[in-house]
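Chain identifiers are assigned alphabetically (A, B, ...) following the order of the sequence lines, protein sequences preceding nucleic acid strands; residue numbering begins at 1 within each chain. These figures come from a predicted structure and were not determined experimentally.
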Amino acid sequence: MTKILKKQILNPTVTKMVVEAPLIAKKAEPGQFIIFRAKEDSERVPLTIADYDRNAGTVTIIFQIVGQATTELNSLNEGEYIHDFVGPLGTPSKVEGLKKVAVIGGGVGSAIAYPVAKKLNELGAEVHSIVGFRNKDLVILEDEFKTVSDKLLIMTDDGSYGAKGLVTNALKELIEQGNTYDEVIAIGPLIMMKFVCQLTKEYGIKTTVSMNPIMIDGTGMCGGCRLTVGGETKFACVDGPDFDGHLVDFDEAMKRGAIYRDTETKKREEACNLLKKGEGN
Amino acid sequence: MEFTRNMDPKKCPMPCQEPDVRNKNFYEVALGYTEEMAINEARRCLNCKNKPCVSKCPVGIDIPAFIAKVAEGDFEAAYNVLTRYTSLPAVCGRVCPQEVQCESVCVRGIKGESVGIGRLERFVADWHRNNGKKIAAKVETNGKKVAVIGSGPAGLTAAGDLAKKGYAVTVFEALHLAGGVLVYGIPEFRLPKDIVKAEIENLKALGVEINTNMVIGKILTIDELMEMGYEAVFIGSGAGLPRFMGIPGESLNGVYSANEFLTRINLMKAYKDDSKTPVRHGKKVAVVGGGNVAMDAARCAKRLGAEEVYIVYRRSMDELPARKEEVEHAEEEGIVFKTLVNPIEVFGDENGNVKGLRCIKMELGEPDESGRRRPVEVQGSEFDLEVDCMIMSIGTSPNPLIRSTTPGLETNKRGCIITKDESGLTSRTAVYAGGDAVTGAATVILAMGAGKNAATAIDEYLKNK
């Protein structure tokens with residue numbers, strides 16, 4: 001059981017929680033993840049660690065409410081307990097030795113990109129952060145990114161905040177302006193990471209992506225999180241979640257990510273119908 | 001006590017759910033002996049002098065002694081004999097491959113069937129759970145702390161034996177539930193989870209502390225455990241990453257590793273309507289492999305409503321590594337065995353879902369290093385199977401988490417932890433290992449044997465330290 005110390009609504013679909021997890025906080029590094037089960041009968045779901053405080057013994061998670069598991073997690077409040085919380089899992093991001101990096105976050109993926117940007121900043125690298133959202137209301141972590149970035153570009157799909165356009169537009173512009181990056185680190189929806197990688201391949205810039213496939217145990221037992229990377233089968237939980245973006249088969253990952261979408265939609269509809277029935281009575 | 005020896009050449013049959021009924025539910029298949037059946041079966045044992053059965057038991061149970069107590073109708077006394085040797089009798093009675101161990105050398109088996117040792121062991125453990133004294137006596141602690149990594153059969157056995165010797169044992173389990181393969185791998189219909197839970201409660205009553213959600217190698221390393229005051233460590237972290245064949249189409253949706261398929265069903269209860277964890281209910285399912293895990297996966301798929309379930313195995317029926325009883329049960333339940341067949345490609349539809357499997361026929365050639373005849377492809381014999389789900393059950397390779405975070409812990413080229421001898425001592429002082437982490441995928445009872453030996457060795461080491 002893991003106690004929720006602080007809960008903050010970042011936007012209508014994204015919540016931040018600071019939890020008491022001293023042993024995990026002691027070991028966590030950017031890029032690593034935890035697996036949670038909100039309640040005793042909940043599904044196991046991975047979440048990348050958004051921040052940690054070794055002294056306070058806390059771990060921060062930021063999640064988008066997308067399905068049943070995250071809805072259940074979001075139903076818990078400060079002072080309550082998450083039933084299971086295990087980590088830190090996966091291999092930490094390799095950021096040592098980088099001098100100038102473009103860190104790209106898309107949507108809630110920005111929450112995962114943030115600790116990487118923070119670590120790079122601590123290590124003295126020049127950090128250019130590009131974060132993209134659908135619109136102004138969904139923008140998160142702006143202040144946090146500002147404090148750890150030498151340059152911060154916020155992009156929105158509809159132009160309601162920052163610049164209008166996609167993160168790839170901003171990245172291309174920075175590169176065209178003559179910025180030379182040791183590496184691009186992109187974390188966000190698969191489709192965003194795919195297009196970032198297409199762009200950086202043209203320029204020959206090494207690109208790391210953080211994959212977030214469906215997982216069960218997260219410790220290298222079930223094999224559910226497998227991906228094809230450079231023609232080989234890799235397991236995101238122990239080999240990743242960071243991979244060389246130019247080698248990842250994104251199309252396959254997108255199909256695999258959708259395997260239970262029909263079941264989930266059906267479940268949600270059933271739940272809605274029940275609610276409707278309830279209203280009728 | 002005087003009684004007449006039962007000279008029936010056959011074992012007393014095990015009452016089972018009817019195949020057509022049980023292949024639609026997850027309740028236990030074998031229902032267990034009644035007291036009368038158990039006594040009758042026990043009276044088939046000749047109590048022979050040589051006791052060949054004992055030498056073939058990985059944990060060395062005094063089999064004739066416990067059976068003699070059953071023959072007398074003193075079931076609690078029989079249980080007390082068993083627990084001197086095994087911490088998990090209800091489990092062993094159900095999942096041990098008795099036909100290649102104790103029962104394979106039973107004198108009664110020379111002219112007829114061996115004594116049903118496994119069935120009797122199960123009966124005694126179940127009888128005790130339902131009727132016996134509940135409380136295990138807590139042993140006075142000697143104050144020495146031992147850490148056990150993993151709560152599968154190896155870890156639980158080591159923990160139980162060490163607790164009985166007075167050690168303060170802490171078990172670290174990576175998942176949210178203790179039991180390892182007994183809870184995530186072996187299905188309910190073969191090993192009800194309430195039984196595993198009861199065996200674990202017994203260990204807790206002995207004073208064993210179980211910490212779930214602790215992935216050793218990540219949250220804490222073995223060196224840190226030592227710094228925390230654990231004077232010895234036993235690694236029973238189990239098998240690891242599932243193997244795939246490396247054929248085209250293995251990443252299609254609907255291709256599972258047996259580990260994933262079974263974990264969804266057993267640990268996460270995906271077979272229940274109200275489970276929050278989904279699993280694909282295939283209509284036509286191919287399970288690749290011939291071991292116990294393959295049988296479990298096939299029988300689960302059937303119970304989820306599959307019309308056709310195939311076991312696709314590259315050797316013949318004679319080489320199937322699964323327990324004989326599991327193969328028989330699977331056949332009775334309507335599982336179709338496609339032996340001397342190997343998959344070469346998986347086909348998908350436009351959405352990335354499995355829709356078929358291309359296979360090739362095999363024939364047995366010269367024996368390979370395992371002594372079994374090597375299967376070779378029959379040229380031009382390709383054929384297609386229509387399936388919408390496929391489960392790969394072709395073994396595992398050891399988990400890297402502990403070896404990669406424990407300096408000085410030697411592993412072989414396959415990644416299995418190297419132990420010096422039967423004691424399970426690794427290349428690190430005070431660090432012992434056993435079970436699948438050492439041997440690669442094997443059986444529950446071999447893991448228990450390793451846990452038992454390591455517990456003895458750890459006790460010797462700490463007493464003389």
Enquirer: Surrounding NZ of K269(B) (heavy atoms of other residues, nucleotides or ligands, distance under 6.0 Å), is the total greater than 12?
Expert: yes
Enquirer: In the structure I gave you, are the side-chain heavy atoms of H176(B) and H83(A) within less than 4.5 Å of one another anywhere?
Expert: no
Enquirer: Please classify the contact between S397(B) and chain A as side chain, backbone, both or neither, with a heavy-atom cut-off of under 4.5 Å.
Expert: neither
Enquirer: Examine whether an atom of K255(A) lies under 4.5 Å from a heavy atom of chain B, and if so say whether it belongs to the side chain, the backbone or both; otherwise answer neither.
Expert: both
Enquirer: Looking at every non-hydrogen atom in both residues, tell me the closest pair between V86(A) and N213(B) and how far apart they are.
Expert: CG2-O, 3.4 Å
Enquirer: Taking all heavy atoms of N399(B) and all of T219(A), pick out the closest pair and write down the distance.
Expert: ND2-O, 2.7 Å
Enquirer: Which atoms of L252(B) come close to chain A, meaning under 4.5 Å heavy atom to heavy atom: side chain ones, backbone ones, both, or neither?
Expert: backbone
Enquirer: Do you know which of A28(A), G223(A), G220(A) has the most heavy-atom pairs under 4.5 Å to chain B?
Expert: G220(A)
Enquirer: Might you confirm whether atom NZ of K145(B) has over 12 heavy atoms from other residues, nucleotides or ligands at distances under 6.0 Å?
Expert: yes
Enquirer: For chain B, which of R226(A), E232(A), Q32(A), K26(A) has the most heavy-atom pairs under 4.5 Å?
Expert: R226(A)
Enquirer: Please tell me if the side chains of R264(B) and I216(A) come closer than 4.5 Å, counting only heavy atoms from C-beta onward.
Expert: yes
Enquirer: Mind ranking S404(B), P242(B), G352(B), S257(B) by heavy-atom pairs under 4.5 Å with chain A and telling me who comes out on top?
Expert: P242(B)
Enquirer: Sort out for me which of Y184(B), Y256(B), F261(B) touches chain A most, counting heavy-atom pairs under 4.5 Å.
Expert: Y184(B)
Enquirer: Taking the side chain as everything from C-beta on, heavy atoms only, tell me whether T263(B) gets closer than 4.5 Å to D217(A).
Expert: no
Enquirer: Specify the closest pair of heavy atoms between K218(B) and G90(A), including all atoms of both residues, with the distance to one decimal.
Expert: NZ-O, 2.8 Å
Enquirer: Is there side-chain contact between D41(A) and K272(B), with at least one heavy-atom pair below 4.5 Å?
Expert: no
Enquirer: Between I219(B) and chain A, which part of the residue has a heavy atom less than 4.5 Å away: side chain, backbone, both or neither?
Expert: both
Enquirer: Any idea which of G238(B), G254(B), G240(B) has the most non-hydrogen atom pairs under 4.5 angstrom with chain A?
Expert: G240(B)
Enquirer: I'd like to know which of S251(B), A270(B), P400(B), A174(B) tops the heavy-atom pair count under 4.5 Å against chain A.
Expert: S251(B)
